[in-house]
Protein chains: 2
Amino acid sequence: MRYRTVIVDDHPIVISGIAGLLTDLNNIEIVKKFESGIALLDYIEDHHVDLILMDIFLPVINGVDLCKTIKQKHPKIVIIGMSSQSERSLVMQFIQNGGNGYILKNASFDEFKDCIYKAIDGEIVFSEEVKTIISQPLSEDLERIPALSRRERDIALLLSQGKSTQEIADDLFLSFLTVQTHRRNILQKYKMKNVAELIAFLLKNNMMN
Amino acid sequence: MRYRTVIVDDHPIVISGIAGLLTDLNNIEIVKKFESGIALLDYIEDHHVDLILMDIFLPVINGVDLCKTIKQKHPKIVIIGMSSQSERSLVMQFIQNGGNGYILKNASFDEFKDCIYKAIDGEIVFSEEVKTIISQPLSEDLERIPALSRRERDIALLLSQGKSTQEIADDLFLSFLTVQTHRRNILQKYKMKNVAELIAFLLKNNMMN
DNA sequence: CTTCTTTTACCTGATATCAGGTAAAAAAAA
DNA sequence: TTTTTTTTACCTGATATCAGGTAAAAGAAG
């Protein structure tokens with residue numbers, strides 16, 4: 001069986017580069033190349049596609065939303081995301097929206113080949129550098145960020161649930177003024193302007209739950 | 001080479017079950033079994049370990065934090081998470097904290113074997129059911145939740161950056177009162193009590209960025 | 001046993017949010 | 001073209017947050 005494959009990237013040079021790599025694989029057939037996500041959405045309505053390799057940074061519609069849209073209608077299409085540089089949260093978002101894998105464009109030919117075959121086989125795949133990106137914040141990101149104390153975490157959690165200072169005080173059997181102090185200490189510790197920014201910060205850095 | 005393996009689970013019966021499965025694998029050597037994470041942390045300071053299979057729901061310290069702690073000191077140890085039931089965000093958190101894979105306990109022997117070998121080989125692995133869990137919310141979660149309009153998304157993003165109503169108005173060249181209206185509409189649309197709860201909701205459902 | 005961190009608690013004033021209402025122009029969808 | 005949604009804008013009052021200060025008791029760490 002030959003896998004009908006589509007490449008989406010807004011840089012024509014990158015498209016031809018990837019296409020060049022893939023022609024060597026005898027069961028991957030490149031049926032179409034696109035420079036925008038909108039054109040791709042039209043195409044897959046009328047044509048059978050097995051595999052999509054897509055850049056994440058696309059004009060008009062970004063790769064994450066594009067992947068989500070495609071997977072809703074065509075869950076069987078295998079979608080692999082690509083980008084030049086990347087960050088942890090972007091990769092995770094892509095996977096959470098149905099992506100079957102993520103490759104950095106500087107990956108070797110062997111990595112590309114490996115990842116594509118494994119993704120077709122039903123696995124969720126990452127190129128080497130992506131793997132280090134998603135599991136490395138441990139040594140940089142998280143070590144320099146001071147941790148929440150137990151009580152602070154309790155209060156942050158209730159804040160994220162929309163509770164007011166008074167409600168939190170009631171929940172934890174504390175004085176209103178105590179909760180107010182804790183909240184202010186947390187805001188100062190991370191230099192956040194208000195609770196909204198704090199919650200966004202804590203969630204993005206996996207510091208809650 | 002034999003991989004020195006440790007199993008951590010607070011249910012002794014589960015430990016022996018997994019141990020039974022793994023004795024058939026001739027390059028996996030089970031060197032220790034623990035019922036708590038604290039005991040494990042002590043052990044790995046003095047003993048060489050290659051692979052850890054750990055339950056996510058553990059007393060005292062949970063699996064995600066345990067994984068994070070271990071990986072900070074011993075990044076080369078391969079850690080695979082396990083649980084009976086699971087949800088998307090938990091799996092993603094585990095991976096983001098350095099986990100090399102996640103298996104549901106109802107996985108078949110072959111799945112266990114496959115995942116373990118691939119994880120040792122440097123891949124990030126998921127058992128079949130986990131794969132469906134992390135990419136399926138598309139059909140349930142996201143379809144019934146109304147979307148943010150473009151302007152609402154702009155405002156939500158600025159709110160998550162800690163901006164006040166006035167600052168947002170200035171940034172977007174709008175009236176203070178307009179921004180106030182948008183913010184109220186967003187809160188009502190998702191039935192949120194305040195901006196803190198809103199931001200938590202939007203981030204958890206991948207509705208920002 | 002001393003030191004540092006955490007948790008608890010109080011006071012005040014300025015500013016911001018939240019909840020209720022209304023409404024018209026602009027844009028998108030039918 | 002008509003209808004619906006989105007974006008824009010205004011008014012008011014009650015309540016909550018934020019920022020500044022202080023400080024004692026309890027617990028953890030050295």
Side-chain angles (χ1 to χ4, degrees), chain A residues 38 41-42 45 60-61 65 69 143-202 207-208, chain B residues 38 41-42 45 60-61 65 69 143-202 207-208:
Chain A
I38 308 295
L41 286 173
D42 285 343
E45 289 310 310
V60 191
I61 182 169
D65 289 343
T69 309
E143 273 189 332
R144 64 182 171 206
I145 299 175
L148 285 167
S149 74
R150 190 165 308 168
R151 210 40 156 179
E152 287 171 345
R153 198 164 53 241
D154 293 343
I155 287 167
L157 184 66
L158 293 170
L159 284 171
S160 78
Q161 290 164 12
K163 302 261 172 99
S164 70
T165 304
Q166 187 59 61
E167 288 172 325
I168 294 170
D170 293 344
D171 281 15
L172 300 177
F173 305 105
L174 292 173
S175 156
F176 174 89
L177 297 153
T178 302
V179 177
Q180 209 167 37
T181 302
H182 280 301
R183 199 195 43 213
R184 187 183 39 189
N185 287 340
I186 303 172
L187 289 175
Q188 278 174 352
K189 183 185 277 186
Y190 302 110
K191 296 184 182 64
M192 295 289 142
K193 292 193 204 75
N194 55 38
V195 175
E197 190 184 14
L198 175 72
I199 299 300
F201 171 82
L202 294 178
M207 295 171 70
M208 265 170 46
Chain B
I38 307 297
L41 286 174
D42 285 344
E45 290 310 312
V60 191
I61 181 168
D65 289 342
T69 309
E143 273 187 332
R144 65 181 172 208
I145 299 175
L148 285 167
S149 75
R150 190 165 306 168
R151 212 38 157 182
E152 287 171 346
R153 198 166 53 243
D154 292 343
I155 288 167
L157 184 65
L158 292 169
L159 283 171
S160 79
Q161 290 165 11
K163 302 261 173 99
S164 70
T165 304
Q166 187 58 62
E167 288 172 324
I168 294 171
D170 294 344
D171 281 15
L172 301 178
F173 304 105
L174 293 174
S175 156
F176 175 89
L177 296 153
T178 302
V179 176
Q180 209 167 36
T181 303
H182 280 302
R183 199 192 46 212
R184 187 184 38 187
N185 287 340
I186 304 173
L187 289 176
Q188 276 173 352
K189 181 185 279 186
Y190 303 110
K191 296 183 182 65
M192 295 288 141
K193 293 193 204 72
N194 54 40
V195 176
E197 190 185 14
L198 176 71
I199 298 300
F201 171 81
L202 294 178
M207 295 170 69
M208 264 169 45

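Protein chains get the first letters and strands the later ones, always in sequence-line order, with residue 1 at the start of each.
- Positionally, the nearest nucleotide of DNA chain C for A:Ala147 lies more toward the 5' end than for the other of A:Asn194 and A:Ala147.
- Each of B:Ile155 and A:Gln188 was assigned the nucleotide of DNA chain D with the nearest heavy atom; the assignment lying further toward the 5' end belongs to B:Ile155.
- The distance from atom CG of A:Asn185 to atom P of D:dC18 is 13 Å, rounded to the nearest whole Å.
- For the side chain to side chain contact (heavy atoms under 4.5 Å, CB included) test with B:Ile168, the passing option among B:Leu172, B:Asp171, B:Asp170, B:Thr165 is B:Leu172; the others fail.
- Shortest non-hydrogen contact noted between A:Leu198 and A:Met192 is CA-CG, 3.9 Å.
- Distance from the side chain of B:Leu187 is smallest to C:dC18 among C:dT7, C:dT17, C:dC18.
- The phosphate of C:dT7 has neither OP1 nor OP2 within less than 4.0 Å of any side-chain N or O from A:His182.
- Separation of atoms CD (A:Glu167) and CD (A:Gln161) is listed at 10.5 Å; rounding is to 0.5 Å.
- Residue B:Pro146 comes nearest to B:Lys189 through the heavy atom pair CG-CG, 4.0 Å, listed as atom of the first residue, atom of the second, then distance.
- Distance, B:Leu172 CG to D:dA9 P: 11 Å, rounded to whole Å.
- When the side-chain nitrogen and oxygen atoms of B:Ser175 are compared with OP1 and OP2 of D:dC10, one or more of them lie within a distance under 4.0 Å.
- Close to C:dT17, at under 4.0 Å from its OP1 or OP2, lies a side-chain N or O of B:Thr165.
- Phosphate contact (OP1/OP2 of C:dT8, side-chain N/O of A:Thr178, threshold under 4.0 Å): absent.
- Expressed to the nearest 0.5 Å, how far CG of A:Asn194 lies from CD1 of A:Ile199 amounts to 10.0 Å.
- Counting to the nearest Å, the C1' atom of D:dC18 and the CZ atom of A:Phe176 are 11 Å from each other.
- Set against D:dC18, D:dC11, D:dT8, the side chain of B:Leu177 has D:dC11 as its closest nucleotide.
- A:Leu148 places its CG atom 14 Å from the C1' atom of C:dT7, with the value rounded to the nearest Å.
- For A:Lys163 and D:dA16, the NZ to P distance is 15 Å, given to the nearest whole Å.
- Remark: C1' of C:dA25 and CZ of B:Arg151 are 15 Å apart, rounded to the nearest angstrom.
- Residue-to-nucleotide proximity on DNA chain C shows that, of A:Arg184 and B:Ser164, the 5′-proximal contact is made by A:Arg184.
- Rounded to whole angstrom, the span from the CG atom of A:Leu174 across to the P atom of C:dT6 amounts to 16 Å.
- Comparing D:dA19, C:dT17, D:dC10 against the side chain of B:Gln180 picks out C:dT17 as the nearest.
- Taking only side-chain atoms of A:Arg183, from C-beta outward, the nucleotide of D:dT17, D:dA9, C:dC18 with the closest atom is D:dT17.
- Rounding to whole angstrom units, CD1 of residue A:Ile168 and P of D:dA16 are separated by 12 Å.
- Between the side chain of A:Arg150 and the base of D:dG27 there is no donor-acceptor pair of N/O atoms closer than 3.5 Å.
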